[in-house]
2 protein chains.
Amino acid sequence: MGHAHAKRRLVELMEQLRAKSRKITGPRQKILDVLRNSRHPVTIKEVFARMPKGDCDLVTIYRSMHLLEGMGMVKRFDFGDGVARFELIDGLDGGHHHHLICTRCDRIVELEDCFAQEMEKAVSARSGFQSVTHKLEFFGVCPICQATP
Amino acid sequence: MGHAHAKRRLVELMEQLRAKSRKITGPRQKILDVLRNSRHPVTIKEVFARMPKGDCDLVTIYRSMHLLEGMGMVKRFDFGDGVARFELIDGLDGGHHHHLICTRCDRIVELEDCFAQEMEKAVSARSGFQSVTHKLEFFGVCPICQATP
DNA sequence: ATCGCTGCAAAAATTTTGCAGGTAA
DNA sequence: TTACCTGCAAAATTTTTGCAGCGAT
C-alpha cells in the first residue's frame, strides 16, 4: 500500500502559476518543493520547519497555501485535530484519494482508491445539490499500535 | 430529507452523566438542551449564543464539550472552515449519518443513510488497522443557490 | 466532606490583516 | 514600470490552562 501519486515536476507547477500571472518567487519554490517531497498532507508549521530557517516567513506560507488552494493546486484536509493539512494535487483527476489515520500514533496511510465517487451521484440526485464533492477519511488503530497496549 | 434522529430525552442524558459520577449542573443542562434542540451540528459559539447571557461561561462550554465527546455522548465534526461543530449522538448505533453542506450559503442537509459502513471492513482488511471508523461529508451547491448566481 | 465543576483571567495556538519596501515579469 | 509578493508587526480567532471558590452528591 504505497502512496498514491507520483511526484509532480516542479516546472509543471511553475507553469501553472505563470498561467495565472502569479510570480515564481524563492519562497514559493521552496514551499512547492516541501509539498512535492511530502508523502502525506503537511501542516503549515511542518512546511515551515522543513525549510532552512529564514528561507520564508510563516505568514508567507499561509498566504501561499491560500493561493495554491484557490488555484486548485493544493487540497486541504482535516484530520480532526483542528490543524489544517495540505497536499499537492496531481494528475488530471486530481489524484483523488483518502487517508487512514492511526488514532494512537498518528501514522498515516494513503488509500489508493476512492470508494465514494458513485455516492456523490446518489447524494446529488436525492438532494438537488450540484457539483457535489466529498471528504472522507478513515481512523483506526494501526498494526504496530495494536501490538503495544 | 428530514433530519435523521429523534430528540433524546434529557433524563436519559442526565443518567449517562450520573453513571460516570459526573455532576448534573445548571450549565450542563443548558448545554445539553441546546444540543438537543439543534437540528445540525453547532459550534461552541453558537451554543453560547443560544443561551441567555450569563447562563454559562464560554470556557465551560469548551470543557463540557470535551467531556461529552470523551464520554461518547457527542460527536465532533469538521466542515472544513476550521471551526469544530458538535452533535448529540443518539441511539445505540450512534445514529451514524453524514452531512451535505452548501459551499455558498452553508446550508446543511442531514443525510439519513450511511454509505460507508462496508468500506470500513475493506479498509481494515487491506491495511491491518482495527476499530476502523470514518468521517464523510459532502459539499455542493444547494438548489436555492443554483437559482441565484 | 469530598470531589467535581464554574467563572474569571490569562495564556497558548492558529490564522488573518496592514503596511512599507522589494522583486519578478 | 507595474503588479504582485514578502517580511515584520500587530490583531483576530479559536482553544487551553491555572486557580480560587462554589456546589452537587
Side-chain angles (χ1 to χ4, degrees), chain A residues 10-11 13-34 41-71 73-86 106, chain B residues 10-11 13-34 41-71 73-86 106:
Chain A
L10 202 52
V11 197
L13 295 165
M14 302 293 166
E15 200 42 59
Q16 228 171 322
L17 283 174
R18 223 185 309 267
K20 297 219 174 179
S21 59
R22 259 54 231 257
K23 301 192 172 159
I24 296 166
T25 65
R28 261 174 209 176
Q29 291 184 59
K30 277 160 202 144
I31 292 168
L32 286 171
D33 227 46
V34 171
V42 283
T43 65
I44 298 279
K45 292 183 82 171
E46 280 168 355
V47 173
F48 186 60
R50 289 190 201 171
M51 41 177 74
K53 190 134 192 166
D55 262 21
C56 172
D57 194 274
L58 191 62
V59 176
T60 299
I61 306 182
Y62 274 100
R63 282 196 269 232
S64 289
M65 223 55 104
H66 268 162
L67 175 79
L68 295 172
E69 191 187 6
M71 291 182 66
M73 295 175 66
V74 145
K75 198 167 177 182
R76 174 190 298 258
F77 291 95
D78 198 302
F79 291 172
D81 60 353
V83 191
R85 275 160 227 269
F86 300 88
D106 297 323
Chain B
L10 202 51
V11 196
L13 295 165
M14 301 295 166
E15 201 42 60
Q16 228 171 324
L17 283 173
R18 222 185 308 269
K20 296 218 175 182
S21 60
R22 259 53 228 260
K23 300 189 173 161
I24 295 165
T25 65
R28 260 175 210 174
Q29 291 184 57
K30 278 159 200 145
I31 292 167
L32 286 171
D33 227 46
V34 172
V42 283
T43 65
I44 298 279
K45 291 181 83 169
E46 280 167 355
V47 173
F48 186 61
R50 288 190 201 172
M51 41 176 77
K53 191 136 194 168
D55 262 19
C56 172
D57 194 273
L58 191 62
V59 177
T60 297
I61 306 182
Y62 274 101
R63 282 196 268 230
S64 290
M65 223 54 105
H66 267 161
L67 175 79
L68 296 172
E69 191 187 7
M71 291 182 65
M73 295 175 65
V74 145
K75 198 167 175 181
R76 174 191 298 258
F77 291 95
D78 198 302
F79 291 172
D81 59 354
V83 191
R85 274 161 227 268
F86 300 88
D106 296 322

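Computed from a predicted structure; not experimentally measured. Just so it is clear, the values below take in all heavy atoms, side chains as well, and ignore hydrogens, waters and symmetry mates. Chain naming here is simple, since letters A, B, ... match the order of the sequence lines and numbering starts at 1 in each.
The closest side-chain heavy-atom distance from Val34(A) to Ile31(A) is not below 4.5 Å. Side-chain contact between Ile44(A) and Phe86(A) is present, with heavy atoms from C-beta onward closer than 4.5 Å. Using a 4.5 Å cut-off on side-chain heavy atoms (C-beta onward), Lys45(B) and Val83(B) make no contact. By the 4.5 Å heavy-atom criterion applied to side chains, Met71(A) and Leu17(A) are counted as neighbours. Between Asp106(B) and Asp81(B) the shortest side-chain heavy-atom distance does not fall below 4.5 Å. With a 4.5 Å cut-off on side-chain heavy atoms, Met14(B) and Gln29(B) count as touching. Residues Met51(B) and Asp33(B) have side chains not in contact (no heavy-atom distance under 4.5 Å, counting atoms from C-beta outward).
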Steps toward side chain to side chain contact (heavy atoms under 4.5 Å, CB included) verdict (Lys30(A), Cys56(A)): CA-CA 8 Å; Lys30(A) 277 160 202 144; Cys56(A) 172; 5.7 Å; no
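Shortest non-hydrogen contact noted between Arg85(B) and Pro41(B) is CB-CB, 3.6 Å.
Distance CG (Asp57(B)) to P (dC22(D)): 16 Å, rounded to an integer number of Å. In this structure, Gln29(B) atom CD and dC5(C) atom P are separated by 14 Å, rounded to whole Å. Atom CE in Met71(A) sits about 13 Å away from atom P in dC4(D), given to the nearest Å. Rounded to whole angstrom, the span from the NZ atom of Lys53(A) across to the C1' atom of dG7(D) amounts to 14 Å. Separating the CG atom of Leu67(B) from the C1' atom of dA24(D) is a distance of 15 Å, rounded to the nearest angstrom. Distance NZ (Lys20(B)) to C1' (dC5(C)): 18 Å, rounded to an integer number of Å. The separation between Met51(A) atom CE and dT6(D) atom C1' is 13 Å, rounded to whole Å. Look at CG on Asp55(A): it is 9 Å from P on dG7(D), rounded to the nearest Å.
The CG atom of Asp78(B) sits 3.5 Å away from atom CG of Asp78(A), with the distance rounded to the nearest 0.5 Å. We find the CE-CZ distance between Met73(B) and Arg22(B) to be 11.5 Å, quoted to the nearest 0.5 Å.
Partners of Phe48(A) according to the side-chain contact (heavy atoms from CB on, under 4.5 Å) rule, which considers only residues two or more places apart in sequence or in another chain, are Leu58(A), Ile61(A).
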Atom pairs under 3.5 Å, N or O on each side, protein against nucleotides 22-25 of chain C: can you list them with distances?
residue, atom, partner, partner atom, Å
dA24(C), N3, Lys23(A), NZ, 3.1

What pairs of nitrogen or oxygen atoms, one from the protein and one from nucleotides 16-20 of chain D, lie under 3.5 Å apart?
residue, atom, partner, partner atom, Å
dT16(D), OP1, His66(B), NE2, 3.4
dT16(D), OP2, His66(B), NE2, 3.4
dG18(D), O6, Arg63(B), NH1, 3.3
dG18(D), O6, Arg63(B), NH2, 3.3

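Rounded to 10 degrees, the angle separating the terminal axes of the helix from dA1(C)-dT25(D) to dA25(C)-dT1(D) is 40°, with each axis obtained from five end pairs.
Closest to the side chain of Arg28(B), out of dG7(C), dG7(D), dT6(C), is dT6(C).
In terms of position along DNA chain D, the nucleotide closest to Pro27(A) lies nearer the 5' end than the nucleotide closest to the other residue of the pair Ile44(B) and Pro27(A).
Applying the side chain to side chain donor-acceptor pair (under 3.5 Å) test to residues at least two apart or on different chains, none of the pairs has a partner in residues 58-68 of chain A.
The closest donor-acceptor contact from the side chain of Arg28(B) to the backbone of Lys23(B) lies under 3.5 Å.
Contacts between residues 77-86 of chain B and DNA chain D, defined by a heavy-atom separation under 4.0 Å, are made by Ala84(B).
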